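Please read these numbers as outputs of a predicted model, since none were measured by experiment. Atom set for the values below is all heavy atoms of this structure, side chains included, hydrogens, waters and symmetry mates excluded. Residue numbers start from 1 in every chain, and the chains themselves are labelled A, B, ... in the order their sequence lines are given, proteins ahead of strands.
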Number of protein chains: 2
Amino acid sequence: MPPIKVKNAGKSVPARRKSAAPAKAQTRIQREKQDVILEAALDVFSLHGFRGATIDQIAEQAGMSKPNLLYYFPRKEEIHKRLMKTMLDTWLQPLREFDAEGDPIPEIRSYIRRKLEMARDFPRESRLFANEMLQGAPRLIDILEGELKDLVDEKAAVLLAWMDEGKIARTDPYHLIFSIWATTQHYADFDVQVRAVLGKERGGEGRFEDAARFLENLFMNGIVPKKQTVG
Amino acid sequence: MPPIKVKNAGKSVPARRKSAAPAKAQTRIQREKQDVILEAALDVFSLHGFRGATIDQIAEQAGMSKPNLLYYFPRKEEIHKRLMKTMLDTWLQPLREFDAEGDPIPEIRSYIRRKLEMARDFPRESRLFANEMLQGAPRLIDILEGELKDLVDEKAAVLLAWMDEGKIARTDPYHLIFSIWATTQHYADFDVQVRAVLGKERGGEGRFEDAARFLENLFMNGIVPKKQTVG
DNA sequence: GTCTATACAGAGATAGAC
DNA sequence: GTCTATCTCTGTATAGAC
């Protein structure tokens, strides 16, 4: 599985800032401080969820005092909201880029690979999302029922068309997408378990390559032995 | 998918109590109260994780005062520990029953079905576990590296033997197990998202039957169209 | 065995000096 | 813009009356 090229394992949020949003222009220092805070907050929120995370922890992780942090983000919820927004942008990008004009099998294969790369390179974002889901998505439900549903509906239609043309096997496109999400994000969200079960020898960095190989093969072929390849 | 027979959707913990553990015998009332507390605690812990959950919430959910609750479980951590223990027993049962003597394909198919039934019938247990994983399994890591690893090693060996005999396609047995866990538990842990994306028409009770059909088919056949079944 | 009252720490957030 | 001090509320846990 050569095309996994991304290096940095689980740091950095894209953290694009809209230049028109707040009335006041921001200094470079303000932006940098905010980014430090967001970075620290991602660590803490992704581990403990919204309610379990404390401003103290975030401040400590960010290397500043609690009041100082609150100078930049007056409310805990603001920090979380901003993280969620950035995270969703990053997180849904692979699905957005899923291309109806592409060649079906390679397109799906590449989607699986990209999702797995994201699990490897942005595990905190994955856990932030997972935490929100476990809590019933109180701060995200509108987006799930709106933007996300629309996007999935659109891609499901593409998959259905491919099935009609006999280019991929007929199956439920929604549950196919769910399965790709579930299997790839599992390697971020349940990372402790994966490493514990694989043990020292197999639980190292190579586990993502192994997973990639396995998942590609699973989604392509299932596990029923092919007559022509046996014996 | 007929064999999904379990009815009660997401209530009741087995809550077996070992009769030899605490020095003092327990009255019937004590047992009942403890069960009420554990039931309430499962609601709260599964939603908010250990740190996010509060004794106030649990007490309210259990319909008793906070001091009264603390009479039965002096520490928050005790409640959580007991829940985790019961949950793990329930949760790993299907894997324990995975039978080396059985017929490979039906055995795996049936394992998938049972895991999906558990996601449907014990979603809170699934979320309790998921919450613990997201936090890096601080209260569970020993079990993961011990009991669980041993159990998975054992079952992986069974799968490998089947592959050697050509009864199932050769693939990575560990990642196969991870994939079954991930896809089935997804329907408990990410339930909000599943229902949001499926919408009103398809997000109802039938979603589990749809998922079962899809997953069986995925694991058996993959998505590459079979030459003989196309056209 | 259950309640009221309360101790005491940690939480989010604000005031005001520098 | 950053800090110390502090307010208020919530949270875990205990004491002691009933």
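The distance between atom CD of B:E60 and atom P of D:dG11, rounded to the nearest whole Å, is 11 Å. Distance, B:Q57 CD to D:dG11 C1': 11 Å, rounded to whole Å. We find that CD1 of A:I37 is positioned 12 Å from P of D:dG1, with the value rounded to whole Å. Following rounding to the nearest Å, A:I29 (CD1) and D:dG1 (P) show an atom-to-atom distance of 8 Å. B:I79 has its CD1 atom 11 Å from the C1' atom of D:dT12, to the nearest Å. Computed from coordinates, the B:L69 CG to D:dT14 P distance equals 13 Å when rounded to whole Å. Here C:dA11 presents its P atom at 11 Å from NE2 of A:H48, a figure rounded to the nearest Å.
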At a cut-off of 3.5 Å, list every protein nitrogen or oxygen paired with a nitrogen or oxygen from nucleotides 12-18 of chain C, distance to 0.1 Å.
unit_1 : atom_1 : unit_2 : atom_2 : d
C:dG12 : OP1    : A:I55  : N      : 3.2
C:dG12 : OP1    : A:K76  : NZ     : 3.3
C:dG12 : OP2    : A:I55  : N      : 2.8
C:dG12 : N7     : A:K66  : NZ     : 3.2
C:dA13 : OP1    : A:R75  : NH1    : 3.3
C:dA13 : OP2    : A:K76  : N      : 3.0
C:dT14 : OP1    : A:R75  : NH2    : 3.2

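For B:K66, the salt bridge (charged side-chain N to carboxylate O under 4.0 Å, His left out) partners two or more places apart in sequence, or in a different chain, are B:D56. Listed by chain and residue number, A:R28 satisfy the salt bridge (charged side-chain N to carboxylate O under 4.0 Å, His left out) test with A:E32 (two or more places apart in sequence, or in another chain). Residues meeting the salt bridge (charged side-chain N to carboxylate O under 4.0 Å, His left out) test with B:E97, sequence neighbours left out: B:R114.
Among residues at least two apart or in separate chains, salt bridge (Lys or Arg N to Asp or Glu O under 4.0 Å) pairs with a member in residues 187-197 of chain A are A:D191-A:R195, A:D191-A:R207. For residues 127-147 of chain A, the set of pairs meeting the salt bridge (Lys or Arg N to Asp or Glu O under 4.0 Å) definition, not counting sequence neighbours, comprises A:E132-A:R139.
For A:Y72, the side-chain atoms get nearest to D:dG1 when compared with the rest of D:dC3, C:dC3, D:dG1.
OP1 or OP2 of D:dC3 lies within a sub-4.0 Å distance of a side-chain N or O belonging to A:S65. Contact annotation: A:Y71 does not reach the phosphate of D:dT2 (side-chain N/O to OP1 or OP2, under 4.0 Å).
Ring geometry for A:Y187 versus B:F178: interplanar angle over 60°, hence perpendicular rather than tilted (30 to 60°).
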